[in-house]
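Just so we're clear, the structure is a prediction, and the values are computed from it rather than from any experiment. We use all heavy atoms of the structure for the numbers below, so side chains are in, but hydrogens, waters and symmetry mates are not. Numbers here are sequence positions counted from 1.
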Amino acid sequence: MFTHDKKLFRPVKIEKANPQYAALLQEQLGGANGELKAAMQYLSQSFRIKDPKIKDLFLDIAAEELGHMEMVAQTIYLLNGEDLEAEKVAAGEIQSQVLFGLNPGLINASGHSWSADYVTVTGDLCADLLSNIASEQRAKVTYEYLYRQIDDKGVRDTIEFLLDREEAHNQMFRDAFNSVQDTGSNRDFGTTKAAKMYFSLSKPGTNAFAGSDVRPPKFE
């Protein structure tokens, strides 16, 4: 069950309207790495999880992502301003100007509709957790790109907060993965000698298929 709190997860504000930037920020509302995608992915993955602690983690983060989605939508609404001015949107999508009456839409920065194809669900906890870690990292990168392209202090404050929360979720998923990494697909497959062999294909003259005689690079 979900309940609605009339307060935003965190208040948002802007210094001035900026319809062009509003079009860019649509990426984090209806894009492949946006807040709606994250909420739907974690919610969908939770349906099969048996561990009550991890199930609650997925549902808590999914609910928070819906709160983030509301923050992004409100910021877009404020940035769009009060008047239809499509000529001010020099790049990206203009649907909010000509179809939605300045209402934030479930579309990305290019005007493409949000799709359930963005959501990854495998039914394997290890695979889903790794996918979520990658999703949070991609969301961070997108927010970083957006942060660099705006000087508005209010918008930057909101993005900084959302970036911090993406990192928090990233760490939570990493901790959960560490607790189950020897289960599911990590336990049932990829456990033979072939899974531990490294083939060197980047050095001419090396016997690439020497298997255990070739050592993988060290990352320290």
Side-chain angles (χ1 to χ4, degrees), residues 2 4-5 7-45 58 60-81 88-97 99-120 131-173:
F2 295 91
H4 174 240
D5 190 324
K7 301 188 299 294
L8 286 178
F9 192 82
R10 182 177 186 271
V12 302
K13 59 184 178 180
I14 66 168
E15 291 181 330
K16 62 180 180 180
N18 188 336
Q20 184 173 352
Y21 189 80
L24 300 182
L25 193 56
Q26 281 284 159
E27 191 64 31
Q28 288 302 77
L29 180 60
N33 299 307
E35 302 294 356
L36 176 58
K37 172 267 178 78
M40 292 298 99
Q41 178 160 304
Y42 309 153
L43 176 62
S44 299
Q45 291 171 345
F58 276 54
D60 286 342
I61 295 178
E64 183 179 339
E65 299 289 14
L66 288 174
H68 293 178
M69 177 184 168
E70 190 176 20
M71 290 173 61
V72 172
Q74 180 67 11
T75 303
I76 291 171
Y77 166 74
L78 295 173
L79 287 167
N80 271 328
K88 290 190 176 181
V89 185
E93 57 83 16
I94 61 169
Q95 275 80 345
S96 62
Q97 301 285 328
L99 289 179
F100 302 148
L102 302 184
N103 190 78
L106 300 184
I107 56 178
N108 68 7
S110 298
H112 300 303
S113 297
W114 186 86
S115 171
D117 290 339
Y118 297 153
V119 173
T120 299
S131 178
N132 295 352
I133 291 167
S135 292
E136 294 291 336
Q137 199 70 28
R138 288 193 298 269
K140 279 183 60 181
V141 170
T142 304
Y143 274 127
E144 287 171 7
Y145 292 156
L146 286 164
Y147 185 88
R148 296 172 190 169
Q149 297 178 75
I150 188 74
D151 293 326
D152 190 301
K153 187 178 185 302
V155 176
R156 280 194 155 198
D157 285 346
T158 295
I159 292 177
E160 284 180 343
F161 172 78
L162 294 172
L163 264 169
D164 287 344
R165 295 309 301 160
E166 303 294 356
E167 178 55 31
H169 297 165
N170 195 327
Q171 189 57 56
M172 293 173 196
F173 284 134

Run the side chain to side chain contact (heavy atoms under 4.5 Å, CB included) test against E27 and tell me which residues pass, sequence neighbours left out.
N108, A109, T142
So how far is it from [X] [atom1] to [Y] [atom2], rounded to the nearest 0.5 Å?
X	Y	atom1	atom2	value
N103	I76	CG	CD1	10.0 Å
E166	E144	CD	CD	10.5 Å
I107	S115	CD1	OG	14.0 Å
I159	Y147	CD1	OH	8.5 Å
T158	K13	OG1	NZ	9.0 Å
L36	H68	CG	NE2	14.0 Å

Taking the side chain as every heavy atom from C-beta outward, state whether [X] and [Y] have any pair of such atoms under 4.5 Å apart.
X	Y	value
L25	T75	yes
L162	V72	yes
M172	D60	no
E70	L66	no

Please name the pair of heavy atoms, one in P104 and one in A73, separated by the smallest distance, quoted to 0.1 Å.
CG-O, 3.2 Å
Taking all non-hydrogen atoms of both residues, which atom of N18 and which atom of I150 are closest, and how far apart?
ND2-CD1, 3.7 Å
Answer yes if the side chains of Y21 and Q149 hold a donor-acceptor pair under 3.5 Å, and no otherwise.
no
Distance-only, no hydrogens or angles: does the K37 side chain make a donor-acceptor pair with backbone N or O of A32 under 3.5 Å?
yes
For the backbone of G111 and the side chain of Q26, can you confirm whether one donor and one acceptor N or O come within less than 3.5 Å of each other?
no
Considering only distance and modelled atom types, tabulate donor-acceptor pairs under 3.5 Å from the side chains of residues 134-141, sequence neighbours left out.
| from | atom 1 | to | atom 2 | distance (Å) |
| --- | --- | --- | --- | --- |
| S135 | OG | Q41 | NE2 | 3.4 |
| S135 | OG | S131 | O | 3.0 |
| S135 | OG | R138 | NH2 | 3.4 |
| E136 | OE2 | Y42 | OH | 2.6 |
| Q137 | OE1 | N170 | ND2 | 2.7 |
| R138 | NE | N33 | OD1 | 3.0 |
| K140 | NZ | E167 | OE1 | 2.8 |

I would like to know whether Q74 and M71 meet side-chain contact (heavy atoms from CB on, under 4.5 Å); could you show each step before the answer?
CA-CA 5 Å; Q74 180 67 11; M71 290 173 61; 5.9 Å; no
Could you tell me how the ring of F161 sits relative to the ring of F9: parallel (under 30°), tilted (30 to 60°) or perpendicular (over 60°)?
tilted
F2 vs L43, test: side-chain contact (heavy atoms from CB on, under 4.5 Å). Steps then yes/no.
CA-CA 12 Å; F2 295 91; L43 176 62; 4.1 Å; yes
Are D152 and R156 within salt-bridge range, i.e. N to O under 4.0 Å?
no
Return the set of residues passing salt bridge (Lys or Arg N to Asp or Glu O under 4.0 Å) with D117 (not counting sequence neighbours), or none when no residue passes.
none
